[in-house]
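Letters A, B, ... mirror the listed sequences (proteins, then strands); counts begin at 1.
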2 protein chains.
Amino acid sequence: MKTDSTTEDKIKEAAKQVFIAKGFSGCTSREIAKAAGMNVALVNYYFRSKSALFKIIFEAAMGDFLLSMLDVFNTSLPLEDKLRNYLDREYAFLTKYPEIPSFIINEMGRKEGVHIDNTAVFQCIEHTGIFEECLMEQKAGRMREIDITSITLLMMSNCQFPFMGAAVIKQVHALSDEQYEKQLVQHKQIVTDMLIGYLFPESKSTQITQK
Amino acid sequence: MKTDSTTEDKIKEAAKQVFIAKGFSGCTSREIAKAAGMNVALVNYYFRSKSALFKIIFEAAMGDFLLSMLDVFNTSLPLEDKLRNYLDREYAFLTKYPEIPSFIINEMGRKEGVHIDNTAVFQCIEHTGIFEECLMEQKAGRMREIDITSITLLMMSNCQFPFMGAAVIKQVHALSDEQYEKQLVQHKQIVTDMLIGYLFPESKSTQITQK
DNA sequence: AGCAATTTTAAACAAGCGTTTAAAACAGAG
DNA sequence: CTCTGTTTTAAACGCTTGTTTAAAATTGCT
């Protein structure tokens, strides 16, 4: 740990850790302060309130979460390769920060949650032109003609659920943390094969994807 | 609403609604009491504490959640039909109770959550022999040879995520509640085609699944 | 009716919450 | 060192939390 970071950064780092692990209503201001090694009042000195701090942490997590997505979509690779890269990057990101999808989805789902305007964030995705690219590939007969929303659902489901539902799966199949980690590595390959095979039925590389 | 239900049942029903919508730490005892139309003390008169009540609600939700799964697996249909039935039943269940997977997964994931022993519940799944059946089909060459855990992951990911992540998807694609509901109907079909096609590559009915 | 047990309520409890206050510790400039 | 503004702290604020108490209302029984 770097100890030369500013007080403000130390609070943000502690808040990130605690908020993501426990959610907004699952933790207290004092808990965050203690994790940062300081007084409660200092947290409110730098950030006005628990809600204000949460908003900052949430938006940062959202940003991190979409970053890898964006710079894959902004490359000029063929769509099928973009999809492979996306799956690669997403699994790498989620292996590093496995709690983020749960965090985002929960806090977005809560009716009385801290309200945050995400429209700008999501417009970034649309702005990459990835959706239009799919439509073009579909019209050209190279991609299966299914709804764009369903494509998003397929991608997100098969990337994020294995991390969100880790606790359940580990219990169902009596797996240790290390075993599940290995499982995820091979599951990424399965998901890639399945999705590529389904979305690009004619693709020559459907069956022979290797690690 | 039936008004002739007992006080105990009224509390349980209110608690179910509130706990599932907001989570354990996202709501208060008084909130549950008010939802049931009564005093706080009465909640603790019937159930000893908030935690004890939560435990009951959680285990009931867990039971409901696994019920449809179990009696599909306990039929004597061919595996591929079981899988189709499972997807059908699971989407029907989740359409009715869309918040349950988030609820279960969150509360299981929280480190400091109310501790509950689920081993018995999960042994029920194993006891149906569904896993052995998969292994037999794989040995017979009728099913793709992938890990049982990955099969579970594929099924759960593609069933549960579309409901858990509804808020995110709706925002990304700017969909109304009704639009997303329709989306889910057609997504179920896509998921069925994709999973059957992937898991049973030789199946004659891969491409012609109808509603 | 009257009595005992059960059910419901209002009120209070200590503990913890988010937030604020006012004073202490610290820093840099003169 | 002194004076300034900034950073940090301890303590307190009012409020809500989960839980308990003790009295009131209700029920069932004889």
Exercise. Closest to the B/A41 side chain: C/dG18, D/dT21, D/dT9?
Worked result: D/dT21
Problem set entry | Lys/Arg N to Asp/Glu carboxylate O, A/E8 vs A/K12, below 4.0 Å | no
Exercise. Counting just side-chain N and O atoms, does B/T7 come under 4.0 Å of either OP1 or OP2 of C/dT7?
Worked result: no
Exercise. Quick one: A/F47 CZ to D/dT8 P, roughly how many Å, whole number?
Worked result: 12 Å
Exercise. Taking atom P of D/dG18 as reference, at what distance in whole Å does atom CZ of B/F19 sit?
Worked result: 9 Å
Exercise. In terms of the nearest nucleotide of DNA chain D, which residue is placed more toward the 5' end: A/N39 or B/K50?
Worked result: A/N39
For this session: Write down the distance between CD1 (B/I32) and P (D/dT19), rounded to a whole number of angstrom.
Result: 11 Å
Exercise. For the pair made of CD1 in A/I11 and C1' in C/dG18, what is the distance, rounded to whole Å?
Worked result: 15 Å
Problem set entry | N/O (side chain, B/S51) to phosphate O (OP1/OP2, D/dG18) under 4.0 Å | no
Problem set entry | Donor/acceptor link under 3.5 angstrom from B/R30 side chain onto base of D/dT19 | yes
Exercise. Which atom pair, heavy atoms only, marks the closest approach of B/Y198 to B/R144?
Worked result: O-NE, 2.7 Å
Problem set entry | Audit row: B/L79, B/I130, side chain to side chain contact (heavy atoms under 4.5 Å, CB included) steps and yes/no | CA-CA 8 Å; B/L79 186 58; B/I130 187 74; 3.8 Å; yes
Exercise. Among D/dT9, C/dT8, C/dT19, which nucleotide sits nearest the side chain of B/Y46?
Worked result: C/dT8
Exercise. Are A/C27 and A/I32 side-chain neighbours, meaning at least one heavy-atom pair lies under 4.5 Å?
Worked result: yes
Problem set entry | Residue met sooner reading DNA chain C from 5', once A/N44 and B/L42 are mapped to nucleotides | B/L42
For this session: Name the closest nucleotide to the A/Y45 side chain, picking from D/dT19, D/dT6, D/dT9.
Result: D/dT6
Exercise. Are A/S49 and C/dG18 close enough that a side-chain N or O sits under 4.0 Å from OP1 or OP2?
Worked result: no
Problem set entry | Interatomic distance, B/E8 CD vs C/dT8 P [rounded to whole Å] | 10 Å
Exercise. Do B/Y180 and B/H173 have their ring centres less than 6.0 Å from each other?
Worked result: no
